[in-house]
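One structure is given below, encoded as structure tokens.
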Amino acid sequence: MSVDYVLQTTDLVKEFKGFTAVDNVNLNVERGTIHALIGPNGAGKTTVFNLLTKFLIPTTGQILFNGDDITQMRSAEIARKGVIRSFQISAVFPHLTVLENVRIALQRKEGNSFHFWKSDKILNKLDARALELLESVGLQDHANSITVDQPYGRKRALEIATTLALDPELMLLDEPTQGMGHEDVEVVADLIKRVAQDRTILMVEHNLHVVSKLADKITVLQRGAILTEGDYATVSADPRVREAYLGVAEDENDDAGDASEAVEAKETV
Ligand SMILES: Nc1ncnc2c1ncn2[C@@H]1O[C@H](COP(=O)(O)OP(=O)(O)OP(=O)(O)O)[C@@H](O)[C@H]1O
Ligand SMILES: [Mg+2]
């Protein structure tokens, strides 16, 4: 086996009272890549994420992380192993500063939340690391600002910084650009590209412009099953993918922007 997979699923199935939300999904996420999971509303993307992060238990099938079977492990256990989902820690404290939020995430990783307040030395060390992380997401000038006052794009950047604080080997992002204006989308897309340097990212993303810009590999889900996968050029040339998205454009009014942008993005390839 020449390809190095950080995450694999075998015949992953999730049923809800007889309804198959995830249907025999075999996902292979290669180390060091950005892998996107796309598909129309209700395709099963979030359910797959919930299975991967143990918010849900699969009906059948297996999940392997670095070759180890993690199917039966709990959420906290796989987090310790390095599988981190961004929104798990995005419950940032709104009335603390940007820096304090990253410091708390670092503390969580170190697991020394009670001792470190007592030691200036550890506190300074954590602050230095927190500042480094803020710099990596472009927030260094906002370190001492109160989180709640920050614009949306900056909050998402902070969320990514707090995820990075846990030093994830595999970072799971569920719609990182959701609800963002055009400018913020570009900023966050660049940011994801930057933080992807030395880790693997699996992301659910509706915005196909972002997907085209970031993803090395794309898996398209439809009605719980994999419709097709490949790089952007391959996937976007597939008439079945186009059809799936046009369906979304007709049915979902509030997603119309995303969907038409998606189709546009496809047409430019
Ligand atoms: N807890 C649940 N109980 C019953 N059905 C569920 C449950 N969670 C999800 N489903 C169903 O499973 C299917 C897949 O849902 P899921 O949220 O995974 O889709 P999605 O691809 O994330 O969609 P979206 O793009 O809207 O976020 C949907 O038909 C949904 O109604
Ligand atoms: Mg979803």
Side-chain angles (χ1 to χ4, degrees), residues 7 9 11-27 29 34-61 63 71 74-75 78 83-91 152 156 159-160 163 170-180 185 188-189 192 201-212 214-215 217-229 232 235-236 238 240-266:
L7 183 86
T9 68
D11 302 330
L12 202 61
V13 172
K14 181 63 186 177
E15 290 172 0
F16 296 111
K17 294 179 185 156
F19 172 77
T20 309
V22 174
D23 188 3
N24 275 300
V25 167
N26 293 289
L27 205 58
V29 180
I34 300 181
H35 192 129
L37 197 57
I38 69 168
N41 293 106
K45 305 178 296 291
T46 298
T47 307
V48 167
F49 257 46
N50 285 338
L51 292 171
L52 296 178
T53 49
K54 309 332 200 69
F55 288 17
L56 288 173
I57 303 296
T59 307
T60 54
I63 304 169
T71 318
R74 290 171 191 208
S75 201
I78 62 156
V83 182
I84 313 280
R85 178 175 178 155
S86 73
F87 91 76
Q88 268 178 283
I89 41 79
S90 76
Y152 191 69
R156 294 316 291 259
E159 201 176 296
I160 289 173
T163 308
L170 173 65
M171 207 164 154
L172 302 169
L173 305 172
D174 195 358
E175 305 199 31
T177 69
Q178 188 184 32
M180 284 186 182
V185 168
V188 169
I192 293 170
I201 293 183
L202 176 62
M203 61 193 279
V204 169
E205 181 55 66
H206 266 128
N207 185 326
L208 284 212
H209 164 69
V210 172
V211 171
S212 71
L214 294 181
K217 186 172 171 190
I218 299 159
T219 298
V220 186
L221 280 184
Q222 191 184 29
R223 285 184 228 105
I226 294 180
L227 180 66
T228 182
E229 50 187 1
Y232 187 76
V235 161
S236 61
D238 192 323
R240 293 171 304 167
V241 175
R242 193 184 170 82
E243 201 185 308
Y245 272 88
L246 286 171
V248 172
E250 282 156 12
D251 295 338
E252 296 286 328
N253 281 337
D254 38 9
D255 262 357
D258 269 359
S260 56
E261 199 181 348
V263 172
E264 239 170 63
K266 264 183 262 175

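We count ligands from 1, going down the list as the structure has it; atoms in each ligand are counted the same way. One-based numbering along the sequence shown.
- We find that Asp174 and Arg85 are joined by a salt bridge, their nearest charged nitrogen and carboxylate oxygen being less than 4.0 Å apart.
- Inclusion of Thr46 in the first shell of the Mg ion (ligand 2) is supported: an N, O or S atom falls under 2.8 Å.
- Among Gly224, Gly42, Pro40, Ala43, the residue whose heavy atom lies nearest to atom 13 (C) of ligand 1 is Gly42.
- Here Glu243 does not pair with Arg240 in a salt bridge; the nearest charged N to carboxylate O distance is not below 4.0 Å.
- Under 4.0 angstrom from ligand 1, the non-hydrogen atoms of His206 all belong to its side chain.
- A donor and an acceptor atom, one from each side chain of Gln178 and His206, are nowhere located under 3.5 Å apart.
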Just do the side-chain contact (heavy atoms from CB on, under 4.5 Å) check on Leu202 and Leu27 with the steps written out, would you?
-> CA-CA 11 Å; Leu202 176 62; Leu27 205 58; 4.2 Å; yes
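- Atoms of ligand 1 lying under 4.0 Å from at least one heavy atom of Thr47, given by number and element, are 9 (C), 14 (C), 15 (O), 16 (P), 18 (O).
- Short contacts between ligand 1 and Thr46, defined as distances under 4.0 Å to a heavy atom of the residue, involve ligand atoms 17 (O), 18 (O), 20 (P), 22 (O), 27 (O).
- Counting heavy atoms from C-beta on, the side chains of Thr163 and Met171 come closer than 4.5 Å.
- Near Phe19, with a cut-off below 4.0 Å to any heavy atom, the atoms of ligand 1 are 11 (C), 12 (O), 13 (C), 29 (O).
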